[in-house]
Undergrad: 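One structure follows; several queries about it will come next.
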Amino acid sequence: MAIGAAVVALACIFCALFAGVIAPHNPFDLATLELSDSMLPPAWMQGGQSKYLLGTDEQGRDVLSALMYGARISLLIGGASVIVSVLVGVSLGLLSGYVGGRVDAFIMRVCDVMLSFPSILIALLIAGVGRAMFPNAHDSLAFGVLILAIALPGWVQYARTVRGSTMVERNKEYVQAARVVGVPPMRIMLRHVLPNVLGPVLVLATIHVATAIQTEATLSFLGVGVSPTSPSLGTFINEGNKQLFSGAWWLVIFPGAMLLLIALSMNLFGDWLRDALNPRLR
């Protein structure tokens, strides 16, 4: 199951990264779009065409190609938000667990406050404020606001996880020996403690990628995500939902299936990684 999940995840990532090479069409090149080919069903249905395997949307864009380009944006935002969450959470958790005292109490109270709010509401608030402050922002700035909106609620889990592991590691013999010989605290945290607490972080980050992609899709579906000029999987689902009652089911089913496939493969791979890094299960 782990191998299958890893293969599926790598296949999705490969198609997203090299969409410009392997995609049969460029769905965002207006010169190549044919309005006469709009709303075509999948190729195996009556009225479908072989050059549009999964059909077309209301603008004549190939759904298969649009999914590859949309998955690229979803994976980019999801992966970048996880990296930001890991950097912030690991840094604060390491500092909190090693220093302790008032620093630990302050950071943990901030974590408690963050956990008292639903993460999707925090993301909606940040994304909404960002769009209000920069209504005519470029796509790159919009991506940055969206990454921040997803990353801000996510760092708490890493901070609490790393704090607990650091509190165990700081009392072990190798840390005590480093203190005795005069190694600076910062070097002890980075060179000695940090490598020994990264195992749970890797597992959590793998699973969090799927959650971040789903959060991005939710924000895009609600209209506060990426712009329609650079649509992600959530934007495609939102647009397809408007055409659902007209019979164009493929505009919702295929983007939703792509999102489900990415999230499921990431979660299964994260579960295997958790078991592989657990010494009690070896």
Side-chain angles (χ1 to χ4, degrees), residues 1-19 67-68 70-94 97 111 114-115 118-120 122-123 143 146-166 168-169 190 193-220 225 232-234 255-282:
M1 184 179 297
I3 295 176
V7 170
V8 172
L10 290 176
C12 293
I13 294 174
F14 177 81
C15 292
L17 293 178
F18 298 97
L67 289 181
M68 293 183 183
R72 173 195 292 178
I73 297 175
S74 296
L75 289 171
L76 173 64
I77 295 176
S81 63
V82 169
I83 292 175
V84 174
S85 296
V86 168
L87 292 176
V88 175
V90 170
S91 301
L92 293 179
L94 195 63
C111 291
M114 294 293 296
L115 290 174
S119 58
I120 188 64
I122 299 176
F143 288 168
L146 192 57
I147 290 171
L148 180 63
I150 300 174
L152 186 59
W155 68 268
V156 178
Q157 301 178 13
Y158 299 99
R160 295 176 71 92
T161 301
V162 172
R163 171 186 177 266
S165 300
T166 302
V168 174
E169 295 294 328
L190 297 179
V193 179
L194 181 60
N196 292 289
V197 301
L198 285 181
V201 173
L202 294 177
V203 177
L204 191 60
T206 305
I207 299 176
H208 193 202
V209 169
T211 306
I213 293 175
Q214 291 175 327
T215 304
E216 183 277 327
T218 302
L219 294 176
S220 298
S232 64
L233 294 177
M258 183 73 172
L259 181 64
L260 176 64
L261 196 63
I262 295 175
L264 182 60
S265 61
M266 290 289 185
N267 284 327
L268 291 176
F269 182 73
D271 290 341
W272 170 82
L273 189 63
R274 177 191 59 194
D275 297 339
L277 295 177
N278 189 350
R280 297 180 180 179
L281 299 178
R282 294 176 183 172

Undergrad: Side-chain contact, heavy-atom cut-off 4.5 Å: M114 with L152?
TA: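 Yes; the side chains approach each other to less than 4.5 Å.
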Undergrad: Can you tell me how far CG of L76 sits from CG of L17, rounded to the nearest 0.5 angstrom?
TA: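 The CG atom of L76 is 9.5 Å from CG of L17, to the nearest 0.5 Å.
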Undergrad: Please list, chain by chain and in numerical order, all residues satisfying side chain to side chain donor-acceptor pair (under 3.5 Å) with E169, sequence neighbours excluded.
TA: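 Once residues adjacent in sequence are excluded, the partners of E169 under the side chain to side chain donor-acceptor pair (under 3.5 Å) criterion are K172, Y174.
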Undergrad: Which residue pairs pass the salt bridge (Lys or Arg N to Asp or Glu O under 4.0 Å) test with at least one member in residues 82-91, sequence neighbours excluded?
TA: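 Sorted pair list comes back empty.
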Undergrad: So how far is it from L264 CG to L268 CG, rounded to the nearest 0.5 Å?
TA: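 The CG atom of L264 sits 4.5 Å away from the CG atom of L268.
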Undergrad: Quick one: pull up CD1 in I3 and CZ in F269 and give me the separation to the nearest 0.5 Å.
TA: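 Reported to 0.5 Å precision, the distance equals 10.5 Å.
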Undergrad: Could you pull out every donor-acceptor pair under 3.5 Å between side chains of residues 84-91 and any protein atom, sequence neighbours left out?
TA:
unit_1: S85; atom_1: OG; unit_2: S81; atom_2: O; d: 3.0
unit_1: S85; atom_1: OG; unit_2: A151; atom_2: O; d: 2.9
unit_1: S91; atom_1: OG; unit_2: L87; atom_2: O; d: 2.7

Undergrad: Between L202 and T206, what is the shortest heavy-atom contact and its length?
TA: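 It is O-OG1, 2.8 Å.
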Undergrad: So which heavy atom on G93 is nearest to which on T166, and how close?
TA: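 For G93 versus T166, the nearest heavy atoms are O-OG1, 4.3 Å.
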Undergrad: Any side chain to side chain donor-acceptor pair (under 3.5 Å) involving residues 151-161? Give me the pairs, sequence neighbours left out, ordered by first then second residue.
TA: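 Those involving residues 151-161 are D112-R160, Y158-H208.
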Undergrad: What residues, two or more places apart in sequence or in another chain, satisfy side chain to side chain donor-acceptor pair (under 3.5 Å) together with R72?
TA: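 Applying side chain to side chain donor-acceptor pair (under 3.5 Å) to R72 gives none.
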Undergrad: Locate the shortest heavy-atom distance separating P200 from S165; write the atom from each residue and the value.
TA: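 Distance-wise, the nearest heavy atoms are CG-OG, 4.3 Å.
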Undergrad: State the CD1-CD1 distance between I262 and I213, to the nearest 0.5 angstrom.
TA: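 So the CD1 of I262 and the CD1 of I213 are separated by 5.5 Å.
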Undergrad: Please name the residue in the list I13, V8, L10 that meets the side chain to side chain contact (heavy atoms under 4.5 Å, CB included) test with S265.
TA: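 The side chain to side chain contact (heavy atoms under 4.5 Å, CB included) with S265 is passed solely by V8 among I13, V8, L10.
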Undergrad: List in chain and number order the residues that pass side-chain contact (heavy atoms from CB on, under 4.5 Å) with A80, two or more places apart in sequence or in another chain; answer none if no residue qualifies.
TA: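 Once residues adjacent in sequence are excluded, the partners of A80 under the side-chain contact (heavy atoms from CB on, under 4.5 Å) criterion are I147.
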Undergrad: Which value, rounded to the nearest 0.5 Å, describes the distance between Q214 atom CD and I150 atom CD1?
TA: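 Reported value, rounded in 0.5 Å steps: 11.0 Å.
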Undergrad: Output yes when a side-chain donor or acceptor of S74 lies under 3.5 Å from a complementary backbone atom of L233, and no otherwise.
TA: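 Side chain of S74 to backbone of L233, a donor-acceptor pair under 3.5 Å: yes, one is there.
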Undergrad: Testing the basics here: between C12 and L75, what is the closest heavy-atom pair and its distance to 0.1 Å?
TA: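 In terms of heavy atoms, the two residues are closest at O-CD1, 4.2 Å.
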Undergrad: Enter the distance from L259:CG to L67:CG here, rounded to the nearest 0.5 Å.
TA: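 One gets 10.5 Å once the value is rounded to the nearest 0.5 Å.
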